[in-house]
Amino acid sequence: MKTKDKINSILIANRGEIAIRIARTAQKMGIQAVGIRTQKEPNAHYLGQMDVILDFPEREKNQVPEFLDIESLVLLAKRNQVDAIHPGYGYLSENADFAIRCTEEGIVFIGPSPRIIQNMGDKVVAKQIAGKAGVPMLGSSKGSVVTLDDATVIASQIGYPIIIKASAGGGGRGMRIVRKESDLKQMYLSAVSEATLAFNNPSVFIEKYLENPHHIEIQIVGDNFGNVIHLGERECSIQRKHQKLLEEAPSPALDEELRKKITGAAVALAKEAGYMSLGTVEFLLDKQKNFYFMEMNTRVQVEHPVTEMITGLDLIELQIRVARGEKLSLKQSDIKLKGWAIECRINAEDPQSGFSPCLGVVKALRIPKGNGIRIDSGVVAGSEVTPHFDSMISKLIVHADTREEVIEKTLKALSEFQIKGVKTTIPFDKAVLRNEVFRLGDFDTSFIEKDMDSLVYREEKEELLAAFFAAHHYAEQHQTPSLVDNDEDAWTIRNRLNFK
Ligand code: ADP
């Protein structure tokens, strides 16, 4: 793995909020942030944060998207004598070939070595390494399952329900839950075709499906000298279609004893893998508090800010320092987790029409401010939300002393957060934070699906009710005819709206 004593400039091979996030830390460290302008969004907000902007070369139709084009990105960095490349998340962040090409050209890839990316990026190989480290895992096929006959035998050995997963999977794609043998054929074939389409790799494997678990992940960081520490856990069970919507740290599902065990397992796994750089070890936790290794992500995560809030550390800085060959200056005993943090992903989507993306121009934007409130945003007033990119346009991250306090503070911040012009998931985030089950910390990965209707319509009903009672109250005060004759009728209407 190539390292450099001095990194003077970093090419950010990404866009949106994460490009701004990386540029901020680079600049704080005295490093030039080099951004890439694409023809798809020549006036994007993230470009305003860069010290240098490079234009992506003209493209022909049908070429791979800019931030997936390995050779053009490497060439851009080389021509402009950039020292390092930061891939952010998504795109090429977990692509070993990209890391190899950077290294070949003398450019530092800010992430782990290609070998580690290769091993941990393949869920089957990652499981083999986890097995060597003695980390608990769910029953699964030994490797990829290449025929339907094999799938049938393995599924019955493991016992239904099972889940079929793409070995190269990510973003919740290529997964199929199978509850009975008669469904296996159709699910197996569709998982293989989705894996081929999405990841250009047909390999799938089979794992025991755990009903209603928690998704708990451990942030770790390692250096080139064999040191690995953890930075606590993140609770990521609030998901829709296996994709995270709202994350928090710490997790209400862990006590100190369990935290020690699960973080210990994550560090043992990272050491077994010879891990260096930032990384996340993902686990499922069942009702009996048994945890099982699921996969490892070898990049910075979307939800890294909740860890930054409770540790006071800059994770991108740690990542850059390790990449330029520095030894970790922190010991495990230096890591103190303080308070509670929540991140809400703000997507330009309409929850009331099945979370379909909402395109258009952000006409106005008012963001909440205050102590312990952080906005990582890829848009400003005037920005255009286009179909070319992911629908996540912003993240709200809030920190307070306790879970109760941070829930209230996040709700208040969400009420102040105004985005006009495109529909967003803000009302949905609010409904989650108001939900009793969420507030009790008693939820699991099935939470959103179970309560979808009330979560989607809660905010709308609440607004309707507020308007109704304001009108009723006004009529009473001014002795004018009300919409209803008395309070009893008002309560009947409230019940009709079925407001819980
Ligand atoms: P991806 O890499 O596509 O994000 P993951 O392996 O991280 O996929 O899984 C995403 C989500 O899918 C998990 O957070 C969990 O909700 C669900 N999931 C994955 N594997 C299992 C399993 N064996 N049992 C139950 N749920 C699972």
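Whatever order the structure lists them in is the order used to number ligands and atoms, beginning at 1.
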Open item on the list: Looking at non-hydrogen atoms alone, which of K241, E295, Q239, Q243 comes nearest to atom 16 (O) of ligand 1?
Closed with: Q239
- [ ] Output the list of atoms in ligand 1 that are nearer than 4.0 Å to some heavy atom of H242, sorted by atom number.
- [x] 11 (C), 12 (O), 16 (O), 17 (C)
Task: ligand 1 atoms in contact with K165 (distance to a heavy atom under 4.0 Å) - done: 6 (O), 19 (C), 20 (N)
- [ ] Determine, stepwise, if the pair E248 / W340 fulfils side chain to side chain donor-acceptor pair (under 3.5 Å).
- [x] CA-CA 7 Å; E248 60 184 295; W340 215 286; 2.8 Å; yes
TODO: Using a strict 4.0 Å cut-off to heavy atoms of L138, name the atoms of ligand 1 that fall inside it.
DONE: 23 (N)
TODO: Report yes or no: does a heavy atom of M175 sit under 4.0 Å from some atom of ligand 1?
DONE: yes
Task: Per-atom contacts, ligand 1 versus I163 - under 4.0 Å to a heavy atom - done: 20 (N), 21 (C), 22 (C), 23 (N)
Open item on the list: So that I can tick it off, tell me whether R21 and D314 are bridged by a salt bridge, with the cut-off set at under 4.0 angstrom between side-chain N and carboxylate O.
Closed with: yes
Open item on the list: Please check: side-chain N/O of E317 versus main-chain N/O of Q319, any donor-acceptor pairing under 3.5 Å?
Closed with: no
Open item on the list: What I want to know is whether E207 and ligand 1 share at least one N or O pair that is separated by under 3.5 angstrom.
Closed with: yes
TODO: Dump the intermediate steps for side chain to side chain donor-acceptor pair (under 3.5 Å) on Q301 and R299, then the final yes or no.
DONE: CA-CA 6 Å; Q301 306 262 114; R299 56 174 158 81; 3.2 Å; yes
Open item on the list: Minimum heavy-atom separation for G88 and N14, please, with both atom names.
Closed with: CA-ND2, 3.7 Å
Task: Heavy-atom pair of closest approach, residues C344 and L246 - done: SG-CD1, 3.9 Å
Task: Ligand-residue contact atoms, ligand 1 with E282, heavy atoms, under 4.0 Å - done: 7 (O)
Open item on the list: Can you tell me how the ring of F291 sits relative to the ring of F283, calling it parallel under 30°, perpendicular over 60° and tilted otherwise?
Closed with: perpendicular
TODO: Would you name the heavy atoms of P112 and S277 that are closest together and state the gap between them?
DONE: N-CB, 3.6 Å
- [ ] Would you check whether T445 has a nitrogen or oxygen atom less than 3.5 angstrom from a nitrogen or oxygen atom of ligand 1?
- [x] no
- [ ] For the pair F109 and F98, name the ring-plane relationship: parallel under 30°, tilted 30 to 60°, perpendicular over 60°.
- [x] perpendicular
- [ ] Return yes or no for this condition: an N or O of L210 is under 3.5 Å from an N or O of ligand 1.
- [x] yes
Task: Proximal atoms of ligand 1 relative to H215 (non-hydrogen, under 4.0 Å) - done: 13 (C), 14 (O)
- [ ] Report yes or no: does a heavy atom of K208 sit under 4.0 Å from some atom of ligand 1?
- [x] yes
Task: Nearest protein heavy atom with distance in Å, relative to atom 27 (C) of ligand 1 - done: L284 CD1, 3.7 Å
Task: Backbone N/O of D69 and side chain of S72: donor-acceptor pair under 3.5 Å - done: no
Task: Ligand-residue contact atoms, ligand 1 with G169, heavy atoms, under 4.0 Å - done: 2 (O)
Open item on the list: Looking at ligand 1, is there an atom of it that comes within less than 4.0 Å of some heavy atom belonging to K123?
Closed with: yes
